Protein chains: 2
Amino acid sequence: MAKRIGIVDVAAAAGVSVTTVSHALNGRGQVNPATRERVQRVAIELGYAPNRIATALRNRRSGIIGFVSDEIATTPYSGRVILGAQDAAAERGILLVMVDSNGDPEVEARQILALRAQQVDAIVYARMYHQTVSVPSAIGELPTVLVDAVDRHSTSPSVVPDEVGIGRDGTAYLIAMGHRNIVHLTIDDRGPGHDGRIVGYREVMRANGLEPRIASVPSPADGRAGFDALRLAISDTERPTAVFCFNDEMALGVYQSARELGIAVPGELSVMGVDDFTPIAAQLRPGLTTIALPHYEMGRWAIRTLADLIDGVEPPESHVRMPAGMVVRDSVVAPSSLGGIHA
Amino acid sequence: MAKRIGIVDVAAAAGVSVTTVSHALNGRGQVNPATRERVQRVAIELGYAPNRIATALRNRRSGIIGFVSDEIATTPYSGRVILGAQDAAAERGILLVMVDSNGDPEVEARQILALRAQQVDAIVYARMYHQTVSVPSAIGELPTVLVDAVDRHSTSPSVVPDEVGIGRDGTAYLIAMGHRNIVHLTIDDRGPGHDGRIVGYREVMRANGLEPRIASVPSPADGRAGFDALRLAISDTERPTAVFCFNDEMALGVYQSARELGIAVPGELSVMGVDDFTPIAAQLRPGLTTIALPHYEMGRWAIRTLADLIDGVEPPESHVRMPAGMVVRDSVVAPSSLGGIHA
DNA sequence: CAGGCTACCCAAATCGATTGCTGCGCGCGA
DNA sequence: TCGCGCGCAGCAATCGATTTGGGTAGCCTG
């Protein structure tokens, strides 16, 4: 069992005091350059790495940020947020400890207390889809940022996707491709994503002199939803040439419904999703044109903001709406003249 | 700024020394029951929680386990492993810190060093799909378990899915449903999953007097793979009534290919996947019958085993093959008499 | 040559909790 | 009455690093 080597071992090997080793390694105090170099060399030779626990105790700073989320496992998007957070944390030499409340507020409170006992320096409070929350009181005074969530009663910084922008961009893209008869398929449950995208969609449709048409179904995950939705859409007076779906799962449903109804995608119907949920979007044929939510970027922003906050740097912007990006594949094409009844 | 309250505050409030508070709270030493109760009451009133950093320094035990994985974000399965690990960790009052090497061995080594500096008590070394690895030397003497991975040169415990069992169970199920002409669709890349499932498939086919037929394609994620694979399968002398796919993504490909080829699923062709990758498996119509890999269970086993190892308890089994479970939906039915040319 | 400055280095306190050992006081047996 | 044992508390050392507040030697200046 190789004994862990500590600062005293380095001091002994370099023939100086621990004080000097600390100074030499951390660039504090006055140290003779020759001595400093010798200490550094010895430290490397011995493979010395300071015990962060001891440092944390002394400096009242653990170098750990807690990542609290409601459901790490169930949604695949979460991985992107975490990855962004990881990368930013690695840049700054910060470690992340993640806890999952499983949606239970009591568990959540307990987990947060555990994080505080562990002396985390800050907390990321993340939701796995954009929603309104209230920050648990257990967090107390700890610096906190919200990811994919906002709390009207809290002053903590937050970052969410620019939902209105998503609605705008998607709609604008479809229009640019020549579509005029575009249905927005959304879900019944309201929320920031639901509302924002509708706002963006409406805005761009109207700006182009087009009539917004919105249909909604109970749940994106429901296999029947796409079917019903598409039915709703095509039973309308004018048959749409494009469907702008709330997310990729719903787009998958539309694909399947279209097949059953004998409608060709994208020949007769262009389909656009939101999420860029790769296993679906890339695997479908035709490949799904979609809008990628900025999960990675939000995760990274969260950690960077917190790292600054810990150092006492206030973020320039407190509530950020992160832009999303189009991912163009093959499910959107110019409408054929056969596509719909003319207006 | 509410000052964090420490053991000295409790001691002062209870009118005893910190020693006595420690003894009372941890059940060490001799403490008068009345005193003990008073201390406990005061501690709760003050909301005291011991500073785990200080405890860790003193006890040389941080209560943190490092979770090292190659890619947290890219595969959605990882979430299940993490969730299982989280749950087991919460049970034991352990915290998990996760790092993602992004597949880069150098980054990985650096991350592991950071974990060691942070004095983690043990390490979970997880891969996101079943493979053979070698445990990085940076881990040193730390207790370690491997998840979804084995290392022939290491004595660390490991847990992997029972691949042979998966091959067996899937095949047996199809046979039980009345199929005799079953193709196993796999990938070109070999690996424990690839090999094990073939072994199980072959074994059960032969045991039932049936001829194993195996086709393989370059990649499950490749949209064309399913198409090619299905072509391969049906261009065979006898048309199969069932396809046992390496995973759900491949099954999705088969669904789409079948549609293009005018083959009804499940009427003319039963399809079975592996993974129970919900966004695909549950969303497809017909719902995909598949085999769920024991990710959650593996994550939980890993933490439990490590927690024991830290306490000096050797695990009863060192290399565990975790059984998987069938998830029956609608993509497997009894073959119709029309299904294939008779043998 | 004394006083003052620098440049270097170090002893010791500190962070908060745990624990080995010591001390005190009371009761009981000799 | 003395002494021993026991029940109960607490002092002080400890974990490993950082940091404060000097201390010492060498050099410069008046």
Side-chain angles (χ1 to χ4, degrees), chain A residues 1-40 42-43 46-64 93 113-114 116-121, chain B residues 2-40 42-43 46-64 93 113-121:
Chain A
M1 180 81 160
K3 190 176 70 69
R4 290 194 53 80
I5 62 104
I7 199 173
V8 294
D9 303 304
V10 177
V16 294
S17 71
V18 297
T19 303
T20 303
V21 174
S22 178
H23 284 160
L25 262 26
N26 299 317
R28 303 289 156 82
Q30 302 273 33
V31 181
N32 185 310
T35 310
R36 174 180 309 254
E37 204 207 334
R38 179 160 43 89
V39 169
Q40 288 172 335
V42 169
L46 266 49
Y48 169 72
N51 182 328
R52 303 274 234 119
I53 291 278
T55 307
L57 180 59
R58 178 65 228 245
N59 294 352
R60 292 131 163 285
R61 181 179 300 196
S62 63
I64 298 182
L113 259 16
R116 291 186 39 153
Q118 199 63 248
Q119 311 297 117
V120 298
D121 296 331
Chain B
K3 189 174 72 68
R4 289 193 51 78
I5 62 105
I7 199 173
V8 295
D9 303 303
V10 177
V16 292
S17 72
V18 296
T19 303
T20 302
V21 173
S22 178
H23 284 161
L25 261 27
N26 299 316
R28 304 288 156 82
Q30 302 274 36
V31 181
N32 185 308
T35 310
R36 172 178 313 247
E37 204 207 335
R38 178 160 43 90
V39 169
Q40 287 172 335
V42 170
L46 266 50
Y48 168 72
N51 182 328
R52 303 275 234 122
I53 291 279
T55 307
L57 180 59
R58 177 66 225 249
N59 294 351
R60 294 136 161 284
R61 176 170 314 187
S62 63
I64 298 182
L113 258 17
L115 289 176
R116 291 186 38 152
Q118 199 64 247
Q119 312 298 115
V120 299
D121 296 331

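Throughout, protein chains are lettered first and strands after them, A, B, ... in sequence-line order, and every chain is numbered starting at 1. These figures come from a predicted structure and were not determined experimentally.
In this model, the phosphate group of D:dT14 is not approached by any side-chain N or O of B:Arg60 to a distance below 4.0 Å at OP1 or OP2.
A side-chain donor-acceptor contact under 3.5 Å links B:Asn32 to the backbone of B:Ala34.
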- Contact state string [nucleotides 17-26 of chain C, B base, S sugar-phosphate only, - no protein heavy atom under 4.0 Å]: BBBB------
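For the pair A:Gln30 CD and C:dC10 C1', the computed distance is 14 Å after rounding to whole Å. One interatomic measurement links the two molecules: CD of B:Gln119 to C1' of D:dC15, which rounds to 10 Å at whole-angstrom precision. Following rounding to the nearest Å, A:Glu37 (CD) and C:dC8 (C1') show an atom-to-atom distance of 17 Å. Distance CG (A:Asn32) to C1' (C:dT6): 13 Å, rounded to an integer number of Å.
Judged by distance alone, the side chains of A:Thr20 and A:Ser17 do bring a donor and an acceptor atom under 3.5 Å apart. Remark: the B:Thr55 side chain and the B:Asn59 side chain contain no N/O donor-acceptor pair separated by less than 3.5 Å.
Residue-level contact check: B:Val16 touches the backbone only, with heavy atoms under 4.0 Å from sugar-phosphate atoms and none from bases.
B:Leu115 has its side chain out of reach of B:Gln118: every pair of non-hydrogen atoms, C-beta onward, lies at least 4.5 Å apart. Residues B:Ile7 and B:Leu25 have side chains not in contact (no heavy-atom distance under 4.5 Å, counting atoms from C-beta outward). The closest side-chain heavy-atom distance from B:Gln119 to A:Arg4 is below 4.5 Å.
Nearest-nucleotide mapping onto DNA chain D: of B:Pro33 and B:Leu57, the residue sitting toward the 5' end is B:Pro33.
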